[in-house]
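In what follows, a single structure is set out as structure tokens and then discussed.
Any value given below was found using the heavy atoms of this structure, including those in side chains, with hydrogens, waters and symmetry copies removed. First listed ligand is number 1; within each ligand, the first listed atom is number 1. None of the values given here were measured: they were computed from a predicted structure.
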Amino acid sequence: MAETTDKKLSGAGLRGQSAGETALSTVGKSGSGLTYRGYDVKDLAENASFEEVAFLILYGELPTQLELDNYRAKLKGLRGLPQALKEVLERIPANAHPMDVLRTGCSMLGNLETEQSFADQFDVTNRMLAVFPSIICYWYRFSHDGVRIETETDDEQIGAHFLHLLHGKAPSALHARVMDVSLILYAEHEFNASTFTARVCASTLSDMHSCVTGAIGSLRGPLHGGANEAAMELIQDMRDEQHARDVLAGMLERKEKIMGFGHAIYRESDPRNAIIKEWSEKLAREYGDDRLYRVSVACEAFMWEQKKLFCNADFFHASAYHFMGIPTKLFTPIFVCSRVSGWTAHVMEQRSNNRIIRPSADYVGVELRRVTPISERG
Ligand SMILES: CC(=O)SCCNC(=O)CCNC(=O)[C@H](O)C(C)(C)COP(=O)(O)OP(=O)(O)OC[C@H]1O[C@@H](n2cnc3c(N)ncnc32)[C@H](O)[C@@H]1OP(=O)(O)O
Ligand SMILES: O=C([O-])CC(=O)C(=O)O
């Protein structure tokens with residue numbers, strides 16, 4: 001199990017302080033170390049699909065077959081982009097970061113399909129779950145390939161749908177399954193930075209699109225979701241295992257952060273890592289060139305040996321996504337397509353028992369003083 005004991009739980013970063021209650025997930029407490037509404041993430045990754053997991057997180061229980069069929073049909077029907085949103089996406093340059101595109105896309109959607117009251121919260125959530133892959137891929141294919149894609153496909157599952165839009169053809173069964181597992185692993189993670197952002201926004205009784213737009217901005221940073229892209233940039237030029245060790249040794253010497261390693265809560269392992277690592281190995285075999293997988297394994301061993309730092313969920317996602325032909329800058333947006341389930345469930349939970357989140361600060365500035373007339377300042 002991924003343990004959290006002995007971790008320095010105080011001081012900066014609100015580390016170790018409880019900031020509220022949740023019934024959505026546990027991190028580092030039971031099972032393999034991560035549970036969604038009482039189910040171990042490993043169990044879910046083996047025995048459920050992302051749509052079942054999103055349903056579980058949002059509605060509280062795993063769906064029956066009929067409920068799942070209806071839910072998938074509903075999401076499938078919500079993949080289309082409004083014309084005004086397409087026009088906005090077409091104006092965003094090819095060199096923009098796709099996380100910024102998604103942030104703008106989410107915010108624009110909030111103008112076009114505003115959450116009029118909290119009674120709409122499930123509708124706006126399901127719309128976001130369904131339409132985020134369309135937003136990213138429409139912009140990506142328009143800005144990079146000059147094509148206006150049709151964003152409605154027959155794919156039952158969000159992961160396969162994403163790959164279909166990106167590559168213009170339905171994915172293999174292996175790729176569809178890996179995307180599905182990846183979305184399950186990224187779906188929910190208690191009071192991480194982006195989720196907390198969403199909850200702070202929700203606590204002012206703001207609308208769902210504002211909460212999610214803010215959360216996208218928080219996830220973007222390399223200390224959080226952006227680490228999967230940074231990990232890819234790190235491993236892509238590593239020639240072999242020895243080169244990987246040399247690169248990391250140099251970085252540690254220079255006291256640089258190695259993205260994709262370490263965690264604010266887990267102390268010895270991130271339970272999502274073993275799962276995505278196994279899929280990355282399978283993909284490497286199919287890809288026919290396992291260099292990226294081998295250097296990743298070498299990095300993992302070296303970091304543990306040198307620093308007792310372990311791979312978090314992001315590290316092996318880098319090679320896995322790369323093996324599926326996904327451009328590096330789309331890695332973190334995929335995280336959004338999944339985590340929007342957790343964020344919105346947290347917003348709903350916050351709304352159901354709300355008090356505005358407003359902590360205090362320890363003042364470390366100058367003592368009380370008088371305003372000097374401007375003519376006397378110098
Ligand atoms: C899906 C996710 O969002 S998972 C997180 C993704 N983020 C990353 O991979 C970025 C790299 N990792 C990190 O920056 C950190 O480990 C974080 C942000 C995840 C957690 O931060 P913290 O809780 O402050 O880390 P923690 O308290 O365990 O750090 C202990 C020591 O290890 C060091 N350390 C932690 N992670 C790393 C790392 N990846 N590379 C190098 N050193 C590290 C810290 O600098 C700290 O050293 P210090 O005591 O000399 O200052
Ligand atoms: O919990 C965290 O701090 C970061 C993380 O792993 C996640 O959000 O998935």
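- Counting heavy atoms closer than 4.0 Å to ligand 2, residue Arg339 contributes side-chain atoms (C-beta onward) but none from N, CA, C or O.
- Between Ala313 and ligand 1 there is no heavy-atom distance shorter than 4.0 Å.
- Given atom 1 (O) of ligand 2, the protein heavy atom at minimum distance is His189 ND1, 2.7 Å.
- Within the 4.0 Å heavy-atom cutoff, Arg15 counts among the residues contacting ligand 1.
- Proximity of Pro222 to ligand 1, defined as any heavy-atom pair under 4.0 Å, is confined to the backbone N, CA, C and O atoms.
- Proximity of a side-chain donor or acceptor of Asp290 to a complementary backbone N or O of Ala284 within less than 3.5 Å is not detected.
- Below 3.5 Å of separation, one finds an N or O of His224 facing an N or O of ligand 1.
- Within ligand 1, the atoms closer than 4.0 Å to a non-hydrogen atom of Ala264 are 20 (C), 23 (O), numbered from 1 in the order shown.
- Proximity to Ile258 (heavy-atom distance under 4.0 Å) selects the following atoms of ligand 1: 11 (C), 38 (C), 39 (N), 40 (N), 41 (C).
- When heavy-atom distances to ligand 2 are checked against a 4.0 Å cut-off, Arg272 comes that close only through its side chain, counted from C-beta outward.
- The distance from ligand 1 to the heavy atoms of Gly260 drops below 4.0 Å at these ligand atoms: 8 (C), 9 (O).
- Ranking the protein heavy atoms by distance from atom 3 (O) of ligand 2 puts Asn192 CB, 3.7 Å first.
- Counting only distance, with no hydrogens or angles, the side chain of Arg79 and the backbone of Thr153 share a donor-acceptor pair below 3.5 Å.
- Annotation: cation-pi pair Arg351/Phe118 present, NZ/CZ under 6.0 Å from the ring centroid and within 45° of its normal.
- Remark: Glu67 CD is packed, more than 12 non-hydrogen atoms of other residues, nucleotides or ligands lying under 6.0 Å away.
- Residue contacts with ligand 1: Ala227 is placed with no nitrogen or oxygen under 3.5 Å of a nitrogen or oxygen of the ligand (distance criterion only).
- Listed for the Thr26 side chain is no donor-acceptor partner under 3.5 Å among the backbone atoms of Lys29.
- Within the 4.0 Å heavy-atom criterion, neither part of Leu252 lies near ligand 1.
- Side chain of Tyr321 to main chain of Phe316: no donor-acceptor pair is present (N/O by atom type, distance under 3.5 Å, no hydrogens or angles).
- Under 4.0 Å from ligand 1, not a single heavy atom of Asp270 appears.
- Checking only distances, Asp270 never comes within under 3.5 Å of ligand 2, N or O to N or O.
- Contacts between Phe335 and ligand 1, counted as non-hydrogen atom pairs separated by less than 4.0 Å, involve the side chain only.
- Protein heavy atom nearest atom 4 (C) of ligand 2, with residue, atom name and distance: His263 NE2, 3.5 Å.
- A distance-only check finds a donor-acceptor pair linking the side chain of Arg291 to the backbone of Gln236 [under 3.5 Å].
- For the residue pair Glu52 and Asn47, no side-chain donor N or O sits within less than 3.5 Å of a side-chain acceptor on the partner.
- Ligand 1 has a nitrogen or oxygen under 3.5 angstrom from a nitrogen or oxygen of Leu223.
- Backbone and side-chain nitrogen or oxygen atoms of Glu256 are examined, and none is located within less than 3.5 angstrom of a nitrogen or oxygen of ligand 1.
- Panel note: side chain His346, backbone Ser341; no donor-acceptor pair is recorded below 3.5 Å.
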task = Just do the side-chain hydrogen bond (donor to acceptor under 3.5 Å, both in side chains) check on Tyr140 and Asp145 with the steps written out, would you?
result = CA-CA 8 Å; Tyr140 187 82; Asp145 304 334; over 6 Å; no

